[in-house]
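Read through the structure below, which is laid out as structure tokens, and then see the notes.
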Amino acid sequence: MTFRMTEEQQLAVDGLRRFLDNEIEPKVREYVDEGRFIPKPQMKEFLTALSEFGLIRAPFPEEYGGLGLDWSTHLRLFEEVVYSSVDLAVPILINGGGAMALLRASEELKNRYLPGLLTGELIISAGISEPNVGSDVASIQTRARKDGDHYVINGEKTWISNGEYSDVLICTARTDDGPGGLTQFVVDREEHGYEVRGIPKIAMNSQSTSQIFLNDVRVPASNMLGGEGEGLRRNLKGFERARIHMAAWGYGLARRALDESIKYSQQRTQHGKPIAGHQLIAEKIATMATEVDAARLLALRAAELIDAGVRCDKECSMAKWYGTELAARAGRNAVQIHGGNGVTREFMVERLAREGIIAPIPDGTTEIQKLIIARSLTGISALR
Ligand SMILES: Cc1cc2nc3c(=O)[nH]c(=O)nc-3n(C[C@H](O)[C@H](O)[C@H](O)COP(=O)(O)OP(=O)(O)OC[C@H]3O[C@@H](n4cnc5c(N)ncnc54)[C@H](O)[C@@H]3O)c2cc1C
């Protein structure tokens, strides 16, 4: 495992950082500060521009427009987007996850969707969660009924990232009442139709989280991903990659909270000296910095195992738990370091604290990550 970036990675990260600072963050910030939703064409423009720097595309095969790079490189790039503009990080994460699921689809589906997803010209959603189904993915209620050479899907999905932007949805539905009866389908919004309604949240309201309603949606059987009953296994596999992204979401936000705190603590004077010179503030800064590095190392280890094709659900869960809880903790500590200023909209840490609170929930909560880790160590599952 390499702890330092290679020369190529450093160049890629430096170039991306300059682009984010100069071209992306000021534009995204306008939307976020004014509480405006980034419209779909603008979101696609952002994603397409970032794909030029390797976002989404990095770990995909070149034949579909990918760059054939490793997951560690992609994580390094993704961290910079989170640090700059977390509202763009979620669509990148979800497009990458959706494209990864499609890598094992038919050639027809791959050729139709993969190139557009990797450049951000198409946007995808992953529909797993439902009003009565969160952590317990196996209990999905949305139904897909076979009807000749089609399936008819009925159900409601909720908390779906990218929903309002989505051109295509990977919908997990129940094809059988048995415990393994879940199946994934590719549903094209224009061709097959589904309705979307946005959900307002504590933060990150400039990008889409939504409900999706599927009412008698007819999709051809050829739009099934894998075979009938493979949906749960495919989703669990997808969670591994999503969780290292979520880890990077966490330590990317925490790194920003750290940098804002360093700056503020050097400038703000109380009791005759910069607050950075007070030991209790120094301790907070030192802890945050060490935890950001620890979180990144956990995620890079998991990324390396994914690249090596080694089973790493435990390592992905460790990275996800630690990195995302760090985001919530670092956001709160950054506000504390800023004192009263920390709770005003004038200072960025107010926003980071709200964004950080979200991180431990998607793609399996902290509690679920801990159960996965313990199951892997003891061989005994507390989940079912
Ligand atoms: C911003 C955001 C984006 C999201 N994007 C998507 C998306 O794109 N697609 C998608 O399908 N879903 C998405 N989700 C949904 C997300 O995956 C779920 O919110 C998550 O899995 C938790 O489910 P839940 O909210 O229903 O909570 P619940 O499962 O109801 O859990 C509530 C609480 O109980 C705890 N709990 C549950 N079961 C156990 C247990 N066995 N042991 C101990 N504690 C337990 C949980 O940890 C949590 O603290 C998103 C969520 C958010 C907030």
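Indexing begins at 1, ligand by ligand and atom by atom, following the structure's order. Numbers here are sequence positions counted from 1. Values below: all heavy atoms of this structure, side chains included; hydrogens, waters and symmetry mates excluded. Nothing here was measured: the structure is a model prediction, and the numbers come from that model.
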- Task: State, to 0.1 Å, how close Ala302 and Cys312 come at their nearest heavy-atom pair, and which atoms those are.
- Result: O-SG, 4.1 Å
- May I ask you to test the Arg112-Val186 pair for a side-chain heavy-atom distance under 4.5 Å? no
- Item | Protein non-hydrogen atom below 4.0 angstrom of atom 42 (N) of ligand 1 present | yes
- Task: Only heavy atoms count here, so choose which of Ile368, Ile202, Ile361 is nearest to atom 53 (C) of ligand 1.
- Result: Ile361
- Note on the structure: Nearest heavy atom to atom 9 (N) of ligand 1, choosing from Ala126, Pro362, Gly364, Ser125, belongs to Ala126
- Query: Is atom 33 (C) of ligand 1 close to the protein, meaning a heavy atom under 4.0 Å from it?
  - Reply: no
- Query: Among Asp363, Leu383, Thr365, which one has a heavy atom closest to atom 47 (O) of ligand 1?
  - Reply: Thr365
- Task: Please confirm whether Trp159 comes within less than 3.5 Å of ligand 1 when only nitrogen or oxygen atoms on both sides are compared.
- Result: yes
- Query: Counting from 1, what ligand 1 atoms have a heavy atom of Ile358 closer than 4.0 Å?
  - Reply: 1 (C)
- Query: Between the candidates Ser381, Gly98, Ser135, Gly127, which shows the shortest non-hydrogen contact distance to atom 28 (P) of ligand 1?
  - Reply: Ser135
- Query: Can a donor-acceptor pair be found between the side chains of Thr158 and Glu130 at a distance below 3.5 Å?
  - Reply: no
- Nearest protein heavy atom to atom 44 (N) of ligand 1, by residue and atom, and its distance? Glu367 CB, 3.7 Å
- Message: Please determine whether residues Leu305 and Ile373 belong to a single hydrophobic cluster, defined as Ile, Leu, Val, Met, Phe, Trp and Tyr linked transitively by side-chain heavy-atom distances below 4.5 Å.
- Response: no
- Could you list which atoms of ligand 1 come closer than 4.0 Å to a heavy atom of Ile160? 7 (C), 8 (O), 9 (N), 10 (C), 11 (O)
- Could you walk me through whether Tyr194 and Phe213 pass the ring-ring contact (aromatic ring centres under 6.0 Å, His included) test, one step at a time? CA-CA 6 Å; Tyr194 50 83; Phe213 304 93; over 10 Å; no
- Please say which of Asn223, Val168, Ile153 ends up in a side chain to side chain contact (heavy atoms under 4.5 Å, CB included) with Val187. Ile153
- Contact check: Ser129 vs ligand 1, nitrogen or oxygen atoms, below 3.5 angstrom: yes
- Message: Are the side chains of Ile212 and Glu156 in contact, using a 4.5 Å heavy-atom criterion?
- Response: no
- Provide, to 0.1 Å, the distance between atom 8 (O) of ligand 1 and the closest protein heavy atom, together with that atom's residue and name. Ser161 N, 2.9 Å
- Task: Verify the contact flag for atom 2 (C) of ligand 1, where contact means a protein heavy atom under 4.0 Å away.
- Result: yes
- Residue part near ligand 1, for Leu371, under 4.0 Å between non-hydrogen atoms: side chain
- Message: Looking only at protein heavy atoms, which one is nearest to atom 26 (O) of ligand 1, and what is the separation?
- Response: Gly134 CA, 3.1 Å
- Regarding Glu25 and Ser85, is there a side-chain donor-to-acceptor distance under 3.5 Å anywhere? no
- Message: Just by distance, no angles: are the side chains of Asp293 and Thr290 close enough, under 3.5 Å, to form a donor-acceptor pair?
- Response: no
- With a 6.0 Å cut-off on ring centres, are Phe37 and Tyr165 close enough? yes
